[in-house]
2 protein chains.
Amino acid sequence: MAIDPNHMEHDMGTDPNQLSRRERQIMEVIYARGRATAAEVLERLPDPPSYSAVRAMLRILEGKGHLVHESDGPRYVFLPTTPREQARETALRGMIHTFFGGSPENAVAALLDLDDELDADALERLAERIADARKEGR
Amino acid sequence: MAIDPNHMEHDMGTDPNQLSRRERQIMEVIYARGRATAAEVLERLPDPPSYSAVRAMLRILEGKGHLVHESDGPRYVFLPTTPREQARETALRGMIHTFFGGSPENAVAALLDLDDELDADALERLAERIADARKEGR
DNA sequence: AGCAGAATGCTAAATTCTTAGCACAAACCG
DNA sequence: CGGTTTGTGCTAAGAATTTAGCATTCTGCT
């Protein structure tokens with residue numbers, strides 16, 4: 001059941017583990033929103049720099065292959081090149097390895113333990129999901 | 001049920017979101033191991049630099065308050081100042097915000113969907129845990 | 001004892017990151 | 001229309017990060 005850390009290897013060019021401080025912050029803003037203009041990124045950055053600094057970083061991230069842009073009227077909207085589903089799986093695996101000894105079960109348990117918690121409906125849905133998984137024999 | 005992003009604010013000095021590329025990689029190695037010497041960190045770093053470069057980074061991380069060291073014979077063993085339980089909660093909340101629209105339920109569902117999957121015993125334990133949580137009325 | 005390897009403290013240089021300003025264009029508003 | 005605001009492309013400088021070497025000490029082995 002342990003997660004193989006080698007499973008997390010990627011092309012270094014778009015490996016999130018190679019992102020610098022600001023690059024990472026920006027990618028997180030964009031994933032949280034799904035897509036974002038420079039102004040929208042700027043609004044959400046911790047310790048925000050200037051608008052032109054944000055644009056410069058976005059261009060760099062595009063140059064590295066992490067982002068592409070579309071035009072929306074006069075402005076650019078940036079999207080991640082790695083689909084969200086893939087990016088979050090990568091992030092989950094990394095977190096399981098770093099903080100949960102490779103065990104997804106421990107990670108699920110920790111999620112269930114968070115204070116601001118899953119409500120009854122969510123727990124019911126999850127219980128059903130788990131029951132389904134058990135029926136499928138996995 | 002949405003996670004409040006403001007819940008993630010920390011003293012900027014030890015805020016993981018402020019870690020640079022290499023600092024973050026090193027912190028992840030140390031959390032994965034629980035504690036580590038410079039040599040052990042070096043073994044696990046992607047694109048590893050020299051031993052002395054690793055030591056210099058460890059000293060910096062100690063100076064910033066992220067690590068402390070103990071002596072183990074002639075060598076130093078480094079430990080994170082933020083306990084693992086706290087660090088992983090921070091990481092989980094951040095991930096839920098970035099990739100799961102603030103919903104822990106979505107995160108749990110994604111974990112359940114990982115390929116290399118929870119086995120039957122783990123599913124049973126989680127099902128019990130969920131049943132307990134539902135009995136407690138939360 | 002002598003030597004080689006492992007360790008620390010320290011320093012500075014190389015490299016990378018981050019920032020913001022300029023010139024120009026486009027869009028908006030009175 | 002004119003002035004202001006918002007946007008892009010581009011550049012370079014300052015700041016931060018990363019790297020590794022030196023001097024010294026300690027440890028282990030022959």
Side-chain angles (χ1 to χ4, degrees), chain A residues 10-31 33 35-81, chain B residues 10-31 33 35-81:
Chain A
H10 294 273
D11 174 22
M12 292 290 260
T14 55
D15 178 8
N17 223 27
Q18 296 294 324
L19 292 172
S20 69
R21 181 180 68 92
R22 197 59 107 179
E23 287 170 348
R24 187 181 192 93
Q25 288 169 354
I26 287 168
M27 290 306 300
E28 283 171 2
V29 170
I30 288 171
Y31 273 117
R33 294 190 54 101
R35 60 210 275 121
T37 62
E40 285 162 347
V41 170
L42 177 61
E43 279 170 13
R44 292 262 200 119
L45 280 183
D47 190 26
S50 67
Y51 179 68
S52 68
V54 173
R55 290 188 302 106
M57 293 302 308
L58 289 168
R59 237 173 349 249
I60 285 162
L61 284 164
E62 184 160 18
K64 289 184 177 182
H66 292 282
L67 298 178
V68 291
H69 73 260
E70 297 172 354
S71 294
D72 173 29
R75 70 189 59 81
Y76 288 176
V77 181
F78 291 86
L79 304 95
T81 50
Chain B
H10 295 274
D11 174 22
M12 292 295 260
T14 53
D15 177 7
N17 224 30
Q18 296 296 323
L19 292 173
S20 70
R21 181 180 68 90
R22 198 57 108 179
E23 287 171 344
R24 187 180 192 93
Q25 289 170 353
I26 288 169
M27 290 305 299
E28 283 172 2
V29 170
I30 288 171
Y31 272 117
R33 295 191 55 102
R35 59 207 280 119
T37 62
E40 285 161 349
V41 170
L42 177 61
E43 277 170 18
R44 294 262 198 119
L45 279 183
D47 191 26
S50 66
Y51 179 68
S52 68
V54 172
R55 289 185 304 105
M57 292 303 306
L58 289 168
R59 242 180 338 256
I60 285 163
L61 284 164
E62 184 160 18
K64 290 185 177 179
H66 292 282
L67 298 177
V68 290
H69 73 260
E70 296 172 355
S71 295
D72 173 27
R75 71 189 58 78
Y76 287 177
V77 181
F78 292 87
L79 303 97
T81 52

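Quantities reported herein were computed from a predicted structural model and do not represent experimental measurements. Numbers restart at 1 for each chain; the letters A, B, ... are given by sequence-line order, proteins then strands.
Atoms CD1 and CE, from Ile26(B) and Met57(B) in turn, are 5.0 Å apart once rounded to the nearest 0.5 Å.
Residues from residues 72-79 of chain B lying near DNA chain C, meaning a heavy-atom separation below 4.0 Å, are Pro74(B), Arg75(B), Tyr76(B) in numerical order.
In this structure, Leu58(B) places its CG atom 15 Å from P of dA20(D), rounding to the nearest Å.
Taking only distance into account, the side chain of Arg55(A) meets the base of dG9(D) through a donor-acceptor pair shorter than 3.5 Å.
Ion pairing between Arg44(B) and Glu40(B) fails under the 4.0 Å rule for side-chain N and carboxylate O. Ion pairing between Lys64(B) and Glu23(B) holds under the 4.0 Å rule for side-chain N and carboxylate O.
In this structure a side-chain-to-backbone donor-acceptor pair under 3.5 Å is missing from Glu70(A) to Tyr76(A).
With respect to Leu67(A), the side chain to side chain contact (heavy atoms under 4.5 Å, CB included) criterion is satisfied by exactly one of Ile30(A), Leu79(A), Thr81(A), Ile60(A): Ile30(A).
Comparing Ala56(B) and Tyr51(A) by the nucleotide of DNA chain D that holds the closest heavy atom to each, the one mapping nearer the 5' end is Tyr51(A).
Between the side chains of Glu62(A) and His69(A), at least one donor N or O sits under 3.5 Å from an acceptor N or O.
A nucleotide of DNA chain C counts as in contact with chain A when one of its atoms lies under 4.0 Å from a heavy atom; the first and last such, 5' to 3', are dC17(C) to dA27(C).
Nearest nucleotide to the Glu23(B) side chain, out of dC10(D), dA20(D), dT18(D): dT18(D).
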